[in-house]
Trainee: 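Below is the structure I would like to discuss, written out as structure tokens.
Quantities reported herein were computed from a predicted structural model and do not represent experimental measurements.
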Number of protein chains: 2
Amino acid sequence: MNEKFYQLPEEKQLRILNAGFRVFSKNSYRKSPMNEIAGEAGISKSLLFFYFRNKKELYLFLMKKAEELTSQTLRASGCYGETDLFEMMYQGLLAKTDMMRKYPDMSAFALRAYYEEDEEVRDDLRRIIAPYTKLSTNKTLPKLDPSLFKEGIDLNMMYQDIFLASEGYMYHMQQGGRIDVDKVVSDYRKLIDFWKSLYLK
Amino acid sequence: MNEKFYQLPEEKQLRILNAGFRVFSKNSYRKSPMNEIAGEAGISKSLLFFYFRNKKELYLFLMKKAEELTSQTLRASGCYGETDLFEMMYQGLLAKTDMMRKYPDMSAFALRAYYEEDEEVRDDLRRIIAPYTKLSTNKTLPKLDPSLFKEGIDLNMMYQDIFLASEGYMYHMQQGGRIDVDKVVSDYRKLIDFWKSLYLK
DNA sequence: ATAGTATTAACCGATTCGGTCAACGGAGGT
DNA sequence: ACCTCCGTTGACCGAATCGGTTAATACTAT
């Protein structure tokens, strides 16, 4: 892509990025026209083609950006340093919501790109996603200190419970256009506290 | 639509329905071509236009079919007659999985149609969805007998927990192509039993 | 004015779209 | 063998859309 893109005022860069995320997240790669992205970003199609040589380049650029932003945000959130399982999940969701404020459609875009099958981009796509693919084994619970939890609790089931509910939250957030992010966060915090009182000694 | 459609062997009807659900669920109404649906169903585009006068008619027919099938299946599942909250949710998920076996992409289609904004179908769509819209207040908990549950449990939070986790399950099921429906059901059953041991006296 | 840069309208050839229509093929009936 | 009916299709149409190019415009600093 054209280096000039980075010299743009940040607000304009953001508009273009988000327009790309938005359009590509709603339809497949092939069914997402460049002029629609340009229109959403408030620029002309020609200018979009000036910054990105072709559609494929823009698409892959967006994917790289998404991967880079998520891993960076997640690392900076401190959720990996958390020892308390519940606080760790809370920090994780906090990080995600922060990103959703700045890039509302990025996660939807990434999710869709993950399953994109179009031969024009498939291979290069897999190459970008590859490292992230193995990491998605987070359905299995991390190591926990059983002495912290009430007796008789099936920790495996507990983790499934809170993991699925958290995913249900994320699902809610992405569904149906705009939502009150702050309310979601505070609701989730309440749920976390509920779980703590339920499971912790 | 053409009455001849109903005279088709059921297997062929099913193929056409599912092809429509599939294609319309992956892209917006405008970006879902008729020839793609025909190809997916294994018939020619001409024949598809023989059964359905135009794209709009097919789309609305599918929506009506989806609404009709879900409400009917849900009613027949007996989940409304259940008094036990947990068993009620289990029956509800059972009904949904049964439908997913026969119409794998119907719920994804219905979900997407719910937010479809294309002016060509928007108004007629709303008219079909309207009754179902008010009903979606199931985020608030039904009436429960507190004496059945352990003391000190915040029933409101408990319901949010299991409701969200259930949605997380449904989310899992729809995501990422084909999955083992039977495994999902048995996993969910385990989770239900876990909740019972956790919350019930 | 000038030079350089950011931005666009207009255009191009190729493809796709919704929809039509004449024709094909097979299964009786005569 | 011929006819007829009917499910089905390939070929076609005009319009729209697509990715991408280019020549010209608007803007800005000198």
Trainee: To the nearest Å, give me how far apart CZ (B:F52) and P (D:dG7) are.
Mentor: 15 Å
Trainee: Is the shortest side-chain N to carboxylate O distance from B:R15 to B:E11 below 4.0 Å?
Mentor: yes
Trainee: Nearest heavy atom decides the nucleotide; on that basis, is A:S46 or A:E36 closer to the 5' end of DNA chain D?
Mentor: A:E36
Trainee: From C-beta outward on A:P33, which listed nucleotide comes closest to its side chain: C:dT7, D:dC18, D:dT22?
Mentor: D:dC18
Trainee: Strictly below 4.0 Å, N to O, side chains only: are B:D193 and B:K196 in salt-bridge contact?
Mentor: no
Trainee: A:Y29 OH to D:dC18 C1': how many Å, rounded?
Mentor: 12 Å
Trainee: May I ask you to say what B:K56 touches in the nucleic acid, namely base, sugar-phosphate or nothing, with a heavy-atom cut-off under 4.0 Å?
Mentor: nothing
Trainee: Applying a 4.0 Å non-hydrogen cut-off, can you work out what B:Y51 is touching in the nucleic acid: base, sugar-phosphate, or nothing?
Mentor: sugar-phosphate
Trainee: Can you tell me how far C1' of C:dT15 sits from NZ of B:K31, to the nearest Å?
Mentor: 15 Å
Trainee: Without decimals, in angstroms, what is the distance between A:E120 CD and D:dG20 C1'?
Mentor: 12 Å
Trainee: C:dT8 P sits how many Å from A:N35 CG, rounded?
Mentor: 14 Å
Trainee: Less than 6.0 Å separating the ring centroids of A:F109 and A:Y103?
Mentor: no
Trainee: Mind calculating the distance between CE (B:M34) and P (C:dG19) to the nearest angstrom?
Mentor: 7 Å
Trainee: Would you sketch DNA chain C in dot-bracket for me? Only Watson-Crick or G-U wobble pairs with both distances under 3.5 Å count, crossing pairs as [ ], other-strand pairs as |, the rest as dots.
Mentor: ||||||||||||||||||||||||||||||
Trainee: Between B:R189 and B:E87, is there a side-chain N and carboxylate O pair less than 4.0 Å apart?
Mentor: yes
Trainee: Which listed nucleotide (C:dG18, D:dC18, D:dG19) is nearest to the side chain of B:K55?
Mentor: C:dG18
Trainee: Would you mind checking if B:D98 and B:R101 are paired as a salt bridge, meaning a charged N to carboxylate O distance below 4.0 Å?
Mentor: yes
Trainee: Let me know, please, whether A:R30 or A:S44 comes out on the 5' side of the other along DNA chain C by nearest nucleotide.
Mentor: A:S44
Trainee: Taking donor-acceptor contacts at under 3.5 Å, does the side chain of B:K45 reach the base of C:dG18?
Mentor: yes
Trainee: Could A:E36 and B:K31 be called an ion pair, given the rule that one side-chain N must be under 4.0 Å from one carboxylate O?
Mentor: yes
Trainee: For A:F49 and D:dT21, what is the distance between atoms CZ and P respectively, to the nearest whole Å?
Mentor: 8 Å
Trainee: B:F50 CZ to D:dC6 P: how many Å, rounded?
Mentor: 10 Å
Trainee: Say you draw a straight line from CG of A:L191 to CD1 of A:I162; how long is it, rounded to the nearest 0.5 Å?
Mentor: 9.5 Å
